[in-house]
Structure formats: structure tokens, C-alpha cells
2 protein chains.
Amino acid sequence: MPKDTFYNLSDEKKRKIFDAAVQEFSARRFGEASINQIIKAAGIPRGSFYQYFEDKEDLYLYMFAEIGAEKQAVIGQVEALNPEADFFEAYQHNMKILLEWSKKKPEYNQLGLLMEMDDSEFINKLRGVTNQYFARMSELIERDKRRGLIKPETNSEVVVDMIYSINMHYIKEYYRTGSVEDMLRKINEVMKTIKDGIIIR
Amino acid sequence: MPKDTFYNLSDEKKRKIFDAAVQEFSARRFGEASINQIIKAAGIPRGSFYQYFEDKEDLYLYMFAEIGAEKQAVIGQVEALNPEADFFEAYQHNMKILLEWSKKKPEYNQLGLLMEMDDSEFINKLRGVTNQYFARMSELIERDKRRGLIKPETNSEVVVDMIYSINMHYIKEYYRTGSVEDMLRKINEVMKTIKDGIIIR
DNA sequence: GTTAAAAATGACAACCCTGTCACATGACAA
DNA sequence: TTGTCATGTGACAGGGTTGTCATTTTTAAC
């Protein structure tokens, strides 16, 4: 947790430090990110940084929470999902939220990706939050199995794994090519495949 | 390319340096790997390293080529694939090769994974080799489409992307849990899903 | 205006890293 | 034996990093 001295700062100065953190943590993984770069970008002296934060982790945690709050605000604006929606509709709804968020705050995209590709212990712990999201997807599949919409022999966790990993794959690709359309088209094909399979019986 | 002085070394010394390189590049991504650690493990002085190699890339390239040769030797021992085999059989065959390789040289597993998770420019270039493997999978799907085994509307590249990304995902998981059986079981479920889909029509 | 506490500051120590280079050592030929 | 050339060697320069701390400056209270 940042120290009191940080919270006593003017909003402008807090903002400047936050922005510098986003900039650095969007460019480098947590382990490689440099406090030196951050203080340079924020225009604060070395000593001040340690007056405000315990260390790099402390700053990251602050930034992470701050972004989380912003995300909540954006998500709240997307229309709620019909509770009767099936798994595929729920997935599309989630994609819509993700795209909305990505459109409103594109500066956080790279940051999220870097977090996803980071396997340091510290970042691994933080990821717990993201995982809840996928646990919910798994539940939806189970419900659809009970409703007779999805084959009872389906392993919901494996399906969620598939969707998660291919999504990450295409998001990475999106950063290389910059084409959202390509990404959406491909993810559509993926969902078609998961629905119906590719083999002719 | 390593310098002549390196190739003039005794096999034992060459081996020691190779082993030290494997050790370090298995523990850290290319960018974070330290020449210091390597020379310490190999028991050679700093100056000698630069007498043998241009730099870290030079050593990595040597190690990579060396391992590639070992891999060829192992692959040659697996029985050849029936040329009439369909995509799914070919995939299983590839898995068999991969497992054979992984069983014979488990010390390289972590190295390969780290290479996969590395997005430095240098490693990206090297990955070109791996990609050929997936290009061949795509061709097999196209052939099966022509043979009437796979739905003509299937996007073969997307299917290969799915298989690639979920494989990487489970290989990472395998490093955490250490269970090959779990991995194989899950990959089996994945292939079933890709074949037949999960929805009830 | 004086004083005391809070905050800002940057020089510094301590620890990484890489690539070089002057010199030491060994091997082989004349 | 002596000279020459390839190789071995580690100290060093120059770059990076983090966390601390004595000192100055600001703020606020009296």
C-alpha cells in the first residue's frame, strides 16, 4: 500500500506518477521495468519515490487497483446479460465488454498483455482475479449441459482452456498486426469449430 | 558462429560450455540470461568466453544448432507416418514424436518453453523453424477437405492456431503440475471437441 | 517570528551486467 | 634455446539497477 505521503499529494502529481507507471509497465514486464525510468518520466526525485511507495510491487499494486476501478466504471455501462442466455451468448457478451474496455482505454491493452505473458511470482498471484472470470464461464457450460444444450460428455474446463488460450494467442497477434477485424473474424471461426466440430460424420 | 578457438577446444571443454549454456538458458529467458552465470558454471574465465564466441547470441545459436542435430537423431527412430493418414492421425503421430523427444531429453523441455514464451527479436527470428511444422499441419487439413473428411468451410489456419495455443497452454501447465497423463488426457478432449463440437443439434 | 514536524532531495553504497585489453602462459618451429 | 604466435586470463571501464540517509526545504502550529 502506498504511504500517506503519497495520498497527500496533489491529484495532478498523483496522476503524473500513475501515468509514468502505466507507461513503464506497458513497455516492460514487471521484472524488467525500472524504477529509474518511472521517476524520470514522472519527474520526481529518487528519494521521493521511496517516500511514497515501499517498492516497485507497491506501485504496481496501486496502479492495478486504480485501473480496476476504471474498468468497473466502463463495464457498468454495457447492457446487462440476459440471465437465460446460453454459454455462447454469454461469451459474446464478454467479448463486447472486453472490446468496449479496449476501445475506451487502449493504453491499457499492452499492459494487460504483458501481465498475461509474465510468469513472475508476483504477477501470478495478481492473476487470481482474472481467473474468476473463467471459472464463471465453466459454470455456464455446466448449466447448459443440464439444460440439454451442450453434450453431457463435454469437459467444461478443457473448453474454457481452449477459449482462453486461443484468445490470448489472437490478442498477441492483434498487437503485431493491429487488426481488430481479423481477430474478431478468427475468434468467430473458433467458436463455430467448438460448437460443431470440423469432421464430417 | 563460434570462433575457431572454440572448435579447437577439447570435446570435454566444449561439452562443459554447452551444458552451462543449456543450464542458464533453461532458467532464464534469453534477455535475462547472464554470461556471467554461464562462465561460472562452465569454469572458464571471462576473457575466454569472448575468445570463443562473439556474444550471447553466438552461443545461443551454437547451442540451438547442437540441439537441433540431437533432435533429428531421435525423430529418425520413430516409425514413419503412413502417407494416407488423416489430419488427426498425423497429429497423434507428431505428439508421439514430441513425447519421445521430451522423454529422451527432458532437460531441454524448459528451454523450449522459455523460447516459446520469449518475444525478443532475436528469439522471434529463430522461431521460424518451429512454424514450418504448423504450416504442414495446415496442409494436411486442406488435403482432408479435398478428400471429403473435413468440412469444406473449415478454416485450417484457425484450427492450427487453436491446437498450437492450447498445446502451449497445457505444456506450461505440465511444468507446474508435472503430470504428463493429465496433459495427454486434456489434449485428447481438445481433439474430440475439434472433431465433433460440443453443441447438441 | 520561532519552532517543530513533515516532506523533498540527490549523492552514495552496493550490487548487477557486458566487452575489452594488456599481459601471462603454453606450444611448436627454427 | 630462443622466437613467434595462438590462447588463457582477470582487472578494468562504463553502463545499468535498487534502497538509504544526511541534509535542505516546506508546511503548519504556536
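Labels below follow one simple rule: chain letters A, B, ... track the order of the sequence lines, proteins then strands, and each chain is numbered from 1.
Checked against the 6.0 Å centroid criterion, the rings of A:Y7 and A:Y52 do not qualify as a close aromatic pair. In this structure, the ring of A:F53 has its center less than 6.0 angstrom from the ring center of A:F49.
Candidate nucleotides D:dT9, D:dT7, D:dT18 were compared by shortest atom distance to the side chain of B:T5, and D:dT7 ranks first. Set against C:dC17, C:dG10, D:dT9, the side chain of B:S34 has C:dC17 as its closest nucleotide. Distance from the side chain of B:R46 is smallest to D:dA11 among D:dA11, D:dG8, C:dA8.
The separation between A:K3 atom NZ and D:dG19 atom C1' is 10 Å, rounded to whole Å. Atoms CZ (A:F53) and C1' (C:dA8) sit 15 Å apart, rounded to a whole Å. Per the geometry, CZ belonging to A:F30 stands 12 Å off C1' belonging to D:dT18, to the nearest Å. Taking atom CD of residue A:E24 and atom P of nucleotide D:dG16, one finds them 14 Å apart after rounding to whole Å. If you take CZ of A:F6 and C1' of C:dA8, they are 15 Å apart, rounded to a whole angstrom. Per the geometry, CD1 belonging to A:I35 stands 16 Å off P belonging to D:dG16, to the nearest Å. Rounding to whole angstrom units, NZ of residue B:K40 and C1' of C:dC16 are separated by 11 Å. Taking atom CG of A:D4 as the reference point, atom P of D:dT27 lies 18 Å away to the nearest angstrom.
The partner of C:dA30 is D:dT1, judged by Watson-Crick or G-U wobble contacts that both fall below 3.5 Å.
Residue A:S48 has a polar side-chain atom (N or O) positioned under 4.0 Å from OP1 or OP2 of C:dT9. The phosphate of C:dG19 has OP1 or OP2 within less than 4.0 Å of a side-chain N or O from B:Y50. Residue B:N8 has no polar side-chain atom (N or O) positioned under 4.0 Å from OP1 or OP2 of D:dA6. Remark: A:Q37 is in phosphate contact with D:dT17, judged by side-chain N or O atoms under 4.0 Å from OP1 or OP2. Phosphate proximity of C:dC16 to B:N36: absent, as no side-chain N or O sits under 4.0 Å from OP1 or OP2.
Contact record, B:Y91 with B:N167: OH-ND2, 2.9 Å, taken as the closest heavy-atom pair. The two residues B:M117 and A:R29 have their closest heavy-atom pair at O-NH1, 4.2 Å.
Across all strands, B:E32 comes closer than 4.0 Å to no nucleic acid atom at all (heavy-atom distances). Among the heavy atoms of the strands lying under 4.0 Å from A:L9 are primed sugar atoms or P, OP1, OP2 only; no base atom is included. Backbone-only engagement by A:Y52 is indicated by non-hydrogen atom pairs under 4.0 Å involving sugar-phosphate atoms exclusively.
Between B:V74 and B:E100 there is a side-chain heavy-atom pair separated by less than 4.5 Å.
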